[in-house]
Amino acid sequence: MTDPHDRSPAPQSGQDASPEPQRPVETLRDGSIKATIWRNEGENGPFYATSLSRTYTDADGNSRDTSSFIGTDLLKVAELARGAYERTREMRREEFSQQRETGQQKNRNTDRRR
């Protein structure tokens, strides 16, 4: 069964089975907390998913991300979630407007040919 939130693009025929990872469309940050916004294509068109995480340094000095938060992080998480919600709404509106304009241009071109 496939994960509907999988952000990996499917390999095209003739391509290597290990595609380049998809990049986020935007990352909002507040200190070590971040909200990463991903654009995905679904059966009903594009949609946005958001990952919330906290960056920390492990014992070996490597940067890691976790989805576990301490109490003092929670207000930051809530505000980043709110910001991600507002930003994804804005991106959906922009896409809708572009689609509508493209549709209107196609209709105008069709009308001119008649």
Side-chain angles (χ1 to χ4, degrees):
M1 186 167 153
T2 60
D3 180 359
H5 301 292
D6 182 8
R7 295 175 293 279
S8 315
Q12 303 295 319
S13 58
Q15 281 188 341
D16 186 358
S18 57
E20 264 187 57
Q22 184 177 352
R23 296 200 181 270
V25 292
E26 194 160 330
T27 301
L28 308 175
R29 294 183 179 274
D30 185 349
S32 62
I33 311 300
K34 65 182 175 182
T36 307
I37 303 172
W38 305 90
R39 184 181 185 279
N40 298 288
E41 288 292 334
E43 290 178 13
N44 297 324
F47 66 96
Y48 293 91
T50 302
S51 304
L52 296 164
S53 60
R54 178 175 52 86
T55 304
Y56 69 96
T57 304
D58 68 13
D60 296 327
N62 300 312
S63 290
R64 303 278 187 211
D65 283 341
T66 182
S67 59
S68 180
F69 305 96
I70 61 175
T72 56
D73 293 335
L74 296 178
L75 183 57
K76 291 178 182 181
V77 169
E79 290 302 315
L80 284 172
R82 181 187 313 274
Y85 173 77
E86 291 171 2
R87 183 64 183 118
T88 56
R89 281 186 64 200
E90 182 179 306
M91 288 187 283
R92 284 192 309 268
R93 277 194 305 266
E94 289 170 2
E95 280 193 11
F96 178 76
S97 293
Q98 289 173 355
Q99 288 173 355
R100 198 168 81 200
E101 287 174 12
T102 302
Q104 289 173 350
Q105 288 173 356
K106 285 181 184 177
N107 288 341
R108 284 185 204 133
N109 291 339
T110 304
D111 290 343
R112 287 181 191 156
R113 291 183 193 150
R114 291 182 186 172

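Residue numbers run from 1 in the order of the sequence given.
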Electrostatic pair Arg93:Glu90 at N-O distance under 4.0 angstrom: no

Spacing of CZ belonging to Arg39 relative to OG1 belonging to Thr88, to within rounding of 0.5 Å: 13.0 Å

State plainly whether one hydrophobic cluster holds both Leu74 and Leu80, where clusters connect Ile, Leu, Val, Met, Phe, Trp and Tyr through side-chain heavy atoms under 4.5 angstrom apart. yes

Output, in order, the C-alpha distance, side-chain angles, deciding distance and verdict of side chain to side chain contact (heavy atoms under 4.5 Å, CB included) for Glu79 and Asp30. CA-CA 9 Å; Glu79 290 302 315; Asp30 185 349; 5.7 Å; no

Rounded distance [0.5 Å steps], OG1 in Thr57 versus CZ in Arg64: 10.0 Å

Do the side chains of Val77 and Ile33 get nearer than 4.5 Å, heavy atoms only? yes

Are the side chain of Asp58 and the backbone N or O of Asp60 linked by a donor-acceptor pair below 3.5 Å? yes

For Ala84, is there any backbone N or O sitting under 3.5 Å from a side-chain donor or acceptor partner on Glu26? no

Point-to-point distance, once rounded to the nearest 0.5 Å, from NZ of Lys34 to CG of Asp65: 3.5 Å

Distance col, row Leu52:CG vs Leu28:CG, nearest 0.5 angstrom, shows 9.5 Å

Looking at Tyr56, I'd like to know if its OH atom is crowded, meaning that more than 12 non-hydrogen atoms belonging to other residues, nucleotides or ligands lie closer than 6.0 Å. yes

All heavy atoms of Trp38 vs all of Ser51, minimum pair found to be NE1-OG, 3.3 Å

Looking at Arg89, Arg92, Arg87, Glu95, which hits side-chain hydrogen bond (donor to acceptor under 3.5 Å, both in side chains) with Tyr48? Glu95

